[in-house]
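Single-structure report; data block below.
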Amino acid sequence: MTHNVFIRFMEILFYAQTLQYFTNIKRSKVFDVLKFFLFKRHKVMRFFSNFKMDLLFFDKNEGCRRPELKLKHSRIEFIKHAAQLPTIFVIFALYIKFCSQDKKQLLMRRVRVRFAPSPTGPLHIGGVRTALYNYLFAKKHGGDMLLRIEDTDSARFVPGAEEYIVESLNWLGITIDEGVGAAAESNGAHAPYRQSERKGIYRKYVDQLLEAGLAYIAFDTPAELEAKRSEIANFQYDAKTRDMMTNSLTLPADEVNARISNGEQYVVRIKIEPDQEVKVQDLIRGEVVINSSVIDDKVLFKSVDELPTYHMANVVDDYLMEISHVIRGEEWLPSAPLHVLLYQYLGWQNNMPEFAHLPLLLKPEGNGKLSKRDGDRLGFPVFPLNWKDPKTGEPSSGYREAGYFPEAVVNFLALLGWNSGTEQEIFSMQELIELFSLDRVSKSGAKFDYEKGKWFNHKYLQQKSNREIADIFQKILIENDIIEDSEKLEKIVSLVKERVNFVNELLGQSIFFFKAPTEYDAKTVQKRWKAETPAQMEGLIQTLEAIDDFSAENTETIVKEWITAKEYNLGGIMNAFRLSVVGEPKGPHMFDITEIIGKEETIERLKKAIDTLG
RNA sequence: GGUCCAUUCGUCUAUCGGUUAGGACGCCAGGUUUUCAUCCUGGAAAGAGGGGUUCGACUCCCCUAUGGACUACCA
């Protein structure tokens with residue numbers, strides 16, 4: 001025993017020294033490394049697993065990227081140039097040393113992830129985030145993003161939902177490499193990608209489990225099950241109760257066969273071995289252990305429609321499609337042990353994907369999962385695109401139609417549950433791909449903060465060129481029967497864009513450029529329109545009439561000179577001027593407005609104001 | 001009820017055993033401005049509670065509380 005400890009110590013010393021040799025860790029830090037190794041094995045594991053992905057990334061000929069080795073509070077630049085490549089091998093060796101066999105295999109595996117929604121309605125914003133994280137992860141590691149449609153429940157199928165999903169992902173810039181919606185769907189190596197079209201595939205694996213005695217046939221009708229549930233509190237179909245049910249374990253073989261050939265409907269249930277420890281390695285939560293006794297004998301397959309249920313289909317398809325990482329919502333965590341068991345029962349434990357269960361998106365106020373109703377109640381979309389329920393005709397609003405830029409939605413969603421570890425808030429998709437890491441996904445649910453979403457859109461709006469915004473704005477104007485010269489429009493956009501969050505708010509901020517006010521804000525009239533104002537405005541009209549060059553700069557100079565000469569109060573004149581031209585106490589610089597609407601229009605508006613307000 | 005997961009400003013989060021607990025949204029105040037916004041500066045604002053472990057705990061462990069998810073022939 002003591003001998004072993006000594007050997008270990010020497011081994012560790014060797015590693016620590018190698019580390020010091022190849023990196024620029026300070027000598028004093030080597031002691032910390034030793035301490036880590038000796039006393040905090042679990043930390044060491046985490047420590048190395050942190051840059052596993054960086055190593056992989058480096059592997060993909062991205063030679064310019066430098067993985068960093070972060071040790072305590074000192075950040076050590078780890079790889080400076082290719083000449084330091086041996087360093088990678090040392091760390092790699094260390095990592096392998098502390099990893100189990102199957103981890104090694106996973107390290108070498110090509111990253112393939114899937115987003116697997118069920119076409120039961122519009123894609124929920126939480127689902128969008130799951131898709132986004134899958135996409136970011138895949139792209140970061142040079143892997144594949146698949147879209148698979150999980151439509152094994154024909155009863156819940158909603159027409160148009162699949163198209164909606166594909167269109168949403170397209171809009172957001174989440175491109176599918178393989179599967180439904182991919183550029184060459186039919187040519188995918190693992191086609192088809194709709195479970196309903198994969199119907200024939202599953203039976204074989206169900207039979208395999210049946211033959212191995214790891215599953216059994218059950219004839220209990222829904223009504224019988226319901227009866228059992230009300231009869232026995234906390235009833236669960238499992239090792240304790242399966243003996244009292246109607247299934248192939250309690251019935252003689254010939255009766256089972258007779259029932260089947262009589263056309264009696266049945267299901268296939270997994271036969272869970274009780275009292276086993278089932279371990280799920282979750283990339284976000286660490287190891288989750290549960291006792292198999294709490295898992296019930298889930299239905300894997302139903303004879304009615306010859307389709308598997310989610311659990312079976314999902315495991316079989318992930319295996320067949322060579323999925324390396326299953327990244328999905330936290331609501332799947334409780335059934336993850338069942339999936340692990342299924343991989344074992346099918347003999348695929350060495351090809352099992354790694355799991356990552358994402359935290360949920362919670363409602364903004366109160367608690368619970370974000371739902372469509374919250375959006376309706378609080379007035380913000382919870383779907384990417386508008387949707388109209390084909391049955392009820394009930395509409396749901398989407399981010400696209402609400403005026404959001406897809407980049408803003410992506411940025412906002414990316415930060416709801418993940419952060420880069422820096423203080424940067426605005427990220428392009430490219431930056432997100434480079435920076436994304438499951439290690440930095442938080443464990444707890446995130447409340448949906450709609451206000452911040454607006455802020456993101458504001459930021460993206462400011463970043464866009466005036467030309468780009470003017471083009472979108474042009475369409476809105478045409479819908480409102482306003483025709484405006486595109487160059488002038490660009491100028492208008494430059495003056496008002498910083499005041500809005502959305503392009504569709506632009507009209508409200510700039511209507512006075514296109515139309516003279518028809519009424520004047522009562523409060524402002526009271527405050528800014530005094531007895532002497534009409535006479536002053538008459539004077540202003542005369543001053544303006546004498547101006548040839550109506551550019552903002554020139555007009556401003558002349559008007560201000562006039563105000564000074566008359567010894568008027570600058571604010572008094574300007575506010576009344578604004579009220580006359582705009583009708584409200586708002587808008588950009590006055591002379592920028594007058595330059596755009598022009599001399600005649602300006603004077604006309606002043607005259608009208610004098611007439612109306614007296 | 002059972003199982004699992006989680007818990008840092010109002011909200012999203014940083015912190016990998018030693019920090020005046022940092023940033024962002026929102027809020028408040030001041031400044032800029034002829035208006036309203038924008039913008040700039042500043043401010044208030046947090047480790048659920050209790051036990052351990054440790055020289056030292058927001059950080060590791062346990063208990064409690066709270067919240068959430070799951071508990072279908074749905075996904």
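As the structure is a computational prediction, the values presented were derived from the model and not from experiment. Worth knowing before you read on, the calculation uses all heavy atoms, side chains too, and leaves out hydrogens, waters and symmetry mates.
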>> Rounded to whole Å, how long is the line connecting atom CG of Asp296(A) with atom P of rA72(B)?
In response: 7 Å
>> Testing the 3.5 Å rule here: is there a donor-acceptor pair between the side chains of Asp317(A) and Tyr202(A)?
In response: yes
>> Within the 4.0 Å heavy-atom criterion, would you say Val267(A) contacts the bases, only the backbone, or no part of the nucleic acid?
In response: base
> Which base sits across from rG30(B) as a Watson-Crick or G-U pair, both distances under 3.5 Å?
Replying inline: rC40(B)
> Now, which nucleotide makes the Watson-Crick or G-U wobble pair with rA69(B), with each of the two distances under 3.5 Å?
Replying inline: rU3(B)
> With a distance cut-off below 6.0 Å to the six-membered ring centre and an angular limit of 45° from the axis, does Arg269(A) pair with Tyr237(A) as a cation-pi contact?
Replying inline: yes
> Partner of rU20(B) by Watson-Crick or G-U wobble geometry, both contacts under 3.5 Å, or none?
Replying inline: none
> Under 4.0 Å between a side-chain N or O of Arg285(A) and OP1 or OP2 of rU7(B)?
Replying inline: no
> When the distance from CG of Leu361(A) to P of rU11(B) is rounded to whole Å, what number comes out?
Replying inline: 15 Å
>> Only pairs with both distances under 3.5 Å count, Watson-Crick or wobble alike; so what is the partner of rA57(B) in this structure?
In response: none
> Paired with rA46(B) by Watson-Crick or G-U wobble geometry, both distances under 3.5 Å: which nucleotide is it?
Replying inline: none
> When all nucleic acid strands are considered with a 4.0 Å heavy-atom cut-off, which category describes Asp220(A): base, sugar-phosphate, or nothing?
Replying inline: base
>> Using atom P in both nucleotides, what's the gap between rA45(B) and rC9(B) to the nearest angstrom?
In response: 14 Å
>> Regarding Pro588(A), tell me which of base, sugar-phosphate or nothing describes its non-hydrogen contacts under 4.0 Å with the strands shown.
In response: base
> Does Ser442(A) put a side-chain nitrogen or oxygen below 4.0 Å from OP1 or OP2 of rU13(B)?
Replying inline: yes
> Cationic tip of Arg203(A) within the cone over Phe301(A)'s six-membered ring, i.e. under 6.0 Å and within 45° of the normal?
Replying inline: yes
> What about Lys298(A): does its side chain form a donor-acceptor pair under 3.5 Å with the base of rA72(B)?
Replying inline: no
> Does a distance-only test, which skips hydrogens and angles, find a donor-acceptor pair under 3.5 Å between the side chain of His589(A) and the base of rU34(B)?
Replying inline: yes
> Of the nucleotides rA14(B), rU11(B), rU35(B), which one has an atom closest to the side chain of Arg440(A)?
Replying inline: rA14(B)
> Taking CG from Leu123(A) and P from rA75(B), how many angstroms apart are they, rounded to a whole number?
Replying inline: 17 Å
> Roughly, in whole Å, what's the span from NZ in Lys530(A) to P in rU34(B)?
Replying inline: 19 Å
> Atom CZ of Phe412(A) and atom P of rA24(B): how far apart are they, to the nearest Å?
Replying inline: 18 Å
> Does Lys586(A) pair with Glu584(A) as a salt bridge, N-O distance under 4.0 Å?
Replying inline: yes
> Roughly, in whole Å, what's the span from CG in Asn291(A) to P in rC5(B)?
Replying inline: 13 Å
> Considering only the P atoms, how many Å lie between rC70(B) and rU15(B), rounded to the nearest integer?
Replying inline: 29 Å
> Is Thr221(A) touching bases, backbone alone, or none of the nucleic acid, heavy atoms closer than 4.0 Å?
Replying inline: base
> Is Lys369(A) touching bases, backbone alone, or none of the nucleic acid, heavy atoms closer than 4.0 Å?
Replying inline: sugar-phosphate
>> Can you tell whether the side chains of Asp374(A) and Lys363(A) come within less than 4.0 Å, N to carboxylate O?
In response: yes
> Within the structure, does a side-chain N or O atom of Arg229(A) lie under 4.0 Å from either OP1 or OP2 of rC73(B)?
Replying inline: yes
> Between rU13(B), rA24(B), rU38(B), which one does the side chain of Asn419(A) approach most closely?
Replying inline: rU13(B)
>> Heavy-atom nearest nucleotide on RNA chain B for Gly417(A) versus Thr309(A): which residue maps closer to 5'?
In response: Gly417(A)
>> Classify Arg328(A) by what it touches in the nucleic acid, base, sugar-phosphate, or nothing, heavy-atom distance under 4.0 Å.
In response: nothing
> When we call it a touch if two heavy atoms are under 4.0 Å apart, what does Thr120(A) touch: a base, just sugar-phosphate, or nothing?
Replying inline: nothing
> When you compare rC58(B) with rU53(B), how far apart are their C1' atoms, in angstrom units rounded to a whole number?
Replying inline: 16 Å
>> Would you measure the distance from the P atom in rU8(B) across to the matching atom in rU59(B) and give it in whole Å?
In response: 12 Å
>> Go nucleotide by nucleotide along RNA chain B from the 5' end; which of Gly453(A) and Glu287(A) gets its closest nucleotide reached first?
In response: Glu287(A)
> What is the ring orientation for Trp332(A) with His311(A), classed by angle as parallel under 30°, tilted 30 to 60°, or perpendicular over 60°?
Replying inline: perpendicular
>> Side chain of Asn575(A), heavy atoms from C-beta onward: which of rU38(B), rC25(B), rU35(B) has the nearest atom to it?
In response: rU35(B)
>> Does rA75(B) have its OP1 or OP2 closer than 4.0 Å to a side-chain nitrogen or oxygen of Thr152(A)?
In response: yes
> Between rU11(B), rC73(B), rU35(B), which one does the side chain of Lys447(A) approach most closely?
Replying inline: rU11(B)
> If you check the Lys452(A) side chain, which of rC12(B), rA6(B), rU35(B) turns out closest?
Replying inline: rC12(B)
> Picking from rU35(B), rC5(B), rC12(B), which would you name as closest to the side chain of Glu330(A)?
Replying inline: rC5(B)
>> For a quick test of reading the model: is some side-chain N or O of Arg156(A) closer than 4.0 Å to OP1 or OP2 of rA75(B)?
In response: no
> Looking only at atom C1', what distance separates rU34(B) and rA29(B), rounded to whole Å?
Replying inline: 23 Å
>> Of the listed nucleotides (rU38(B), rC73(B), rC12(B)), which one gets closest to any side-chain atom of Glu498(A)?
In response: rU38(B)
> Quick one: Met312(A) CE to rC74(B) P, roughly how many Å, whole number?
Replying inline: 15 Å
>> Just to be sure I understand the rule, does Val288(A) reach a base, reach only the sugar-phosphate, or reach nothing, if contact means heavy atoms closer than 4.0 Å?
In response: sugar-phosphate
>> Can you identify which nucleotide, out of rG1(B), rU35(B), rC4(B), has its nearest atom closest to the Leu333(A) side chain?
In response: rC4(B)
> Out of rC73(B), rU3(B), rC70(B), which nucleotide sits closest to the side chain of Val294(A)?
Replying inline: rU3(B)
> Rounding to the closest angstrom, what is the interatomic distance between rU3(B) and rC63(B) at atom P?
Replying inline: 13 Å
>> Please pick, from rU7(B), rG26(B), rC4(B), the nucleotide with the shortest atom-to-atom distance to any side-chain atom of Ile290(A).
In response: rC4(B)
>> Expressed as a whole number of angstroms, how long is the span from Leu540(A):CG to rU34(B):C1'?
In response: 13 Å
> How are the rings of Tyr568(A) and Trp562(A) set to each other: parallel, tilted or perpendicular (split at 30° and 60°)?
Replying inline: perpendicular
> What about the rings of Trp418(A) and Tyr133(A), do their centers lie closer together than 6.0 Å?
Replying inline: no
> Using the P atom in both, what is the distance from rA75(B) to rG50(B), to the nearest Å?
Replying inline: 46 Å
>> Please find the pair of heavy atoms, one from Ile165(A) and one from Pro119(A), that lie closest to each other, and give the distance.
In response: CD1-CA, 4.5 Å
> Would you call the rings of Tyr450(A) and Phe448(A) parallel, tilted or perpendicular, where under 30° means parallel and over 60° means perpendicular?
Replying inline: parallel
> Which nucleotide, in any strand shown, forms a Watson-Crick or G-U wobble pair with rC25(B), with both distances under 3.5 Å?
Replying inline: rG10(B)
>> Using the C1' atom as the point on both nucleotides, what is the distance between rA48(B) and rG10(B), in whole Å?
In response: 16 Å
> If you look at every strand shown and take non-hydrogen atoms under 4.0 Å, does Trp332(A) touch a base, only sugar-phosphate, or nothing?
Replying inline: base
